[in-house]
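Beneath this line is the structure, given in structure tokens, with notes to follow.
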There are 2 protein chains.
Amino acid sequence: FIQLDGVTKSYRLGEHVVTPLHEVTLEVEKGEFLVLLGPSGSGKSTLLNLIAGIDRPDSGRVVVDGTDITQLSRKKAADWRAETVGYVFQDYSLVPVLTAYENVEIPLWLFSMSRAERHRRVATALEAVGLSDRHGHLPRQLSGGQQQRVAIARAIVADPSVIVADEPTGNLDVDSAGDVLHLLARLRAERGKTLVMVTHDTRAVERGTRALQLDKGQLHAMAEVSR
Amino acid sequence: FIQLDGVTKSYRLGEHVVTPLHEVTLEVEKGEFLVLLGPSGSGKSTLLNLIAGIDRPDSGRVVVDGTDITQLSRKKAADWRAETVGYVFQDYSLVPVLTAYENVEIPLWLFSMSRAERHRRVATALEAVGLSDRHGHLPRQLSGGQQQRVAIARAIVADPSVIVADEPTGNLDVDSAGDVLHLLARLRAERGKTLVMVTHDTRAVERGTRALQLDKGQLHAMAEVSR
Ligand SMILES: Nc1ncnc2c1ncn2[C@@H]1O[C@H](COP(=O)(O)OP(=O)(O)OP(=O)(O)O)[C@@H](O)[C@H]1O
Ligand SMILES: Nc1ncnc2c1ncn2[C@@H]1O[C@H](COP(=O)(O)OP(=O)(O)OP(=O)(O)O)[C@@H](O)[C@H]1O
Ligand SMILES: [Mg+2]
Ligand SMILES: [Mg+2]
């Protein structure tokens, strides 16, 4: 369903070159819950950005549900992403001048649906992350974990077939984190979504169908995920 | 060493009032490692901002090492904070147009020291968090966990007597998180620093001298911290 084929990505800063991904190959089945682990700075966010079509590799291909997204124009890639992918950013990337409600509503603007239907979906998403009573707050009027939960609600509101989550519970207490994992697992089970998650939360690893470790530019299967 | 006396803080948004801290009283001994836990949105960051003098309570007093910081003018409070507190923000609050090195250097500008000495301290702090080879990167050229580590380096570089850390390992893998906890615990042991940390990392709880839970505007001792 998602294939990465010999994908390489480098950054150059003056003379100093960083290559977080070197000839990476990966196959993700439809409906999988893939957990991605690895040291800080190893390239996990870089990899998620390639899967979601937010970034392009220097070489190699990224194919999702038969579409080679590395061949799409910027405009087509953006449309594809809006229809296919829900992304929870590591830094949330909320719009500072919009309320929680308006931030969650943004992905729905691209679809033709009635205002009532849009409202219903935003309200459902906010309720699913426990933030119905914070809908009118701006991001700076929310706690760190509340901002993270708004980002999660925004990622699920348009009912995307692929959810890419970059450390979605990093700022949540044990109970809120458990609720989020339960929500994502339930969406996958009920609606057949494919879930790719970067995390260092061991309980998320336990719920995954498979765990991979990124290290020195390469993906490795994890023989044993108990620590 | 740090006393909060009947501290209350509220926010009002139109007709809706949120009171994360209600008549909170707290005593922290010099050299303690206090761990603060609680649900997302409960008021932990609000409490840390009051302890660090970044914010003022609506009522009540905050006294640190004999100084009632709630009575200081804005200017004096800022000077006091620069000399006394190292703060790791939940969202890092790095300056986007400055490199990792320059971000870590900022707290040292307020002290009269030679350029060589400033350089020595910044280099030591960056090395302590494993980022010597990223000193020239801008925040957007760093991974989430690397940005978090720059924020930690900045909080320790001026050798403050109080370190306030708001979820300092939220975006770090298990090993990097362990290194950071070890670093902070070592600074406290070797240099007698007082450490107040918000976290949901159970290993940080184990290293603390005391753990408190914030819930419904009140602090509670935690009878049992094993989970
Ligand atoms: N400027 C503001 N205006 C209105 N409400 C606010 C404002 N800032 C914070 N709040 C509210 O105050 C409460 C406490 O916020 P705080 O950031 O202290 O929580 P927290 O315990 O740090 O949460 P987290 O664990 O998610 O970081 C939250 O419910 C939040 O919505
Ligand atoms: N624009 C850039 N220019 C130069 N180097 C970059 C840039 N963006 C990222 N890097 C480097 O690429 C590497 C991989 O970054 P990435 O954000 O993918 O790591 P990560 O595994 O997500 O880390 P974390 O767990 O800390 O979030 C890091 O070492 C980082 O310093
Ligand atoms: Mg990352
Ligand atoms: Mg907080």
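So you know, we letter chains A, B, ... as the sequences are listed, proteins then strands, and number each from 1. Being a predicted model, the structure only gives us computed values, none of them experimental.
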| message | So for atom CD, which belongs to A/Glu127, do other residues, nucleotides or ligands contribute more than 12 heavy atoms lying within a distance under 6.0 Å? | response | no

| message | Does any backbone or side-chain atom of B/Thr169 lie under 4.5 Å from a heavy atom of chain A? Answer side chain, backbone, both or neither. | response | backbone

| field | Per-residue contact mode, B/Leu172 against chain A (heavy atom under 4.5 angstrom) | value | both

| query | What option among A/Asp201, A/Leu131, A/Asp166, A/Leu13 has the most heavy-atom pairs under 4.5 Å with chain B? | reply | A/Leu13

| task | Heavy-atom distances under 4.5 Å only: say whether B/His16 touches chain A with side chain, backbone, both or neither. | result | side chain

| said: Quick check on A/Gln141 against chain B: is it the side chain, the backbone, both or neither that has a heavy atom closer than 4.5 Å? | reply: side chain

| field | Under 4.5 Å from any heavy atom of chain A - which part of B/Ser45 | value | neither

| request: Could you tell me whether a side-chain N or O of B/Asp173 sits under 3.5 Å from a main-chain N or O of A/His200, the two making a donor and an acceptor? | output: no

| query | In terms of heavy-atom contacts, does NE2 of A/His220 have more than 12 from other residues, nucleotides or ligands at under 6.0 Å? | reply | yes

| Contacting region of B/Asp133 [heavy-atom separation from chain A under 4.5 Å] | backbone

| said: Counting heavy-atom pairs closer than 4.5 Å to chain B, which one of A/His137, A/Lys44, A/Gln146, A/Gln148 comes out on top? | reply: A/His137

| Region of B/Gln147 that comes under 4.5 Å of a non-hydrogen atom in chain A | neither

| What part of B/Asn171 gets closer than 4.5 Å to chain A, counting heavy atoms only: side chain, backbone, both or neither? | both

| Which of A/Ser143, A/Gly144, A/Gly170, A/Gly145 touches chain B most, by non-hydrogen pairs under 4.5 Å | A/Gly170

| note | Turns out that what part of B/Val18 lies under 4.5 Å from chain A's heavy atoms comes down to side chain

| task | Starting at CZ of B/Arg149, measure out to OG of A/Ser40 and round the result to the nearest 0.5 Å. | result | 3.5 Å

| task | Give the member of B/Ala177, B/Ser176, B/Pro39 that has the highest number of heavy-atom pairs under 4.5 Å with chain A. | result | B/Pro39

